[in-house]
Number of protein chains: 2
Amino acid sequence: MEVSKAFGIALRKLRISKGLTQEQLGFEADLRRTFISSLELGEKKPSLETIYQLAIALDLPMSRLLKLVEKEIEISKK
Amino acid sequence: MEVSKAFGIALRKLRISKGLTQEQLGFEADLRRTFISSLELGEKKPSLETIYQLAIALDLPMSRLLKLVEKEIEISKK
DNA sequence: TTGTAGACTTCAGTCGACT
DNA sequence: AAGTCGACTGAAGTCTACA
């Protein structure tokens, strides 16, 4: 599984768990809604800056966010 | 402190601790030496893909790499 | 509320050469 | 062994609009 796919899945799970719409998350992270959509679908890969902004908006450390991404990759291997 | 600066510092510390040159790390991560240099100096920001490749080359999880980046940010705050 | 599409701008990442 | 510079290409991220 590609990293971008895993990132998208983790991002969506986190967003939903916080009860946010793509629009709301985009507002918090200062990113466009359409771009959040692309990220969740694994169509685009975030830069370090974007990962940082999303982590803050989702109220967790970048390391925790990437840990969840790693878990998605693990799951897909089984 | 900017995220890219913190990333550069963490990256350099890790590379040195592994006893690698920029050239060698670049070979392992499939990235050019000049780009590794730019990253370590905080002049450019890596994409998720690049973070992934560097983590593998440095033999640690992405989450651990970003944890070290967070530590650099913390240190700079004190 | 989310996906998609096209056109656009900015910057990640390459390449070659020199210090 | 590492920094820098200029020119380049592809992809990150924006914007508008519609299903």
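Each chain gets a letter, A, B and so on, in the order its sequence line appears, and its residues count up from 1. Given the structure is predicted, the values throughout are model-derived calculations rather than measurements.
Sorted by first and then second residue, the pairs that involve residues 48-63 of chain A and meet salt bridge (charged side-chain N to carboxylate O under 4.0 Å, His left out), not counting sequence neighbours, are A/Glu49-B/Lys45. Every pair passing salt bridge (charged side-chain N to carboxylate O under 4.0 Å, His left out) that includes a residue from residues 22-37 of chain B is listed here, sequence neighbours excluded: B/Asp30-B/Arg32.
Inter-residue side-chain proximity for B/Glu2 and B/Ile73 is flagged as unmet; no heavy-atom pair is nearer than 4.5 Å. Between B/Leu11 and B/Leu25, some side-chain heavy-atom pair lies under the 4.5 Å cut-off. Between A/Leu39 and A/Thr50 the shortest side-chain heavy-atom distance falls below 4.5 Å.
Applying a 4.0 Å cut-off to non-hydrogen atoms, the residues of residues 35-58 of chain B that approach DNA chain D are B/Ser37, B/Leu41, B/Glu43, listed by residue number. Near-neighbour residues of DNA chain C inside residues 6-33 of chain B, defined by a heavy atom below 4.0 Å, number-ordered: B/Asp30, B/Leu31, B/Arg32.
In summary, A/Glu72 and A/Lys13 engage in a salt bridge, as defined by a charged side-chain N under 4.0 Å from a carboxylate O. At a threshold of 4.0 Å, the pair A/Glu74-A/Lys71 does not count as salt-bridged, since none of the basic side-chain nitrogens sits closer than that to a carboxylate oxygen.
At distances below 3.5 Å, at least one donor-acceptor pair connects side-chain atoms of B/Gln24 with backbone N or O atoms of B/Thr21.
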request  = Under 3.5 Å for both distances, Watson-Crick or G-U wobble, that's the pair rule; now give the dot-bracket for DNA chain D, with | marking pairs to another strand and [ ] for crossing ones.
outcome  = .||||||||||||||||||
task = Starting from the C-alpha separation in whole Å, work towards a yes-or-no answer on side chain to side chain contact (heavy atoms under 4.5 Å, CB included) for A/Ile51 and B/Val3.
result = CA-CA 10 Å; A/Ile51 293 171; B/Val3 205; over 6 Å; no
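With sequence neighbours excluded, no residue satisfies salt bridge (Lys or Arg N to Asp or Glu O under 4.0 Å) with A/Arg64.
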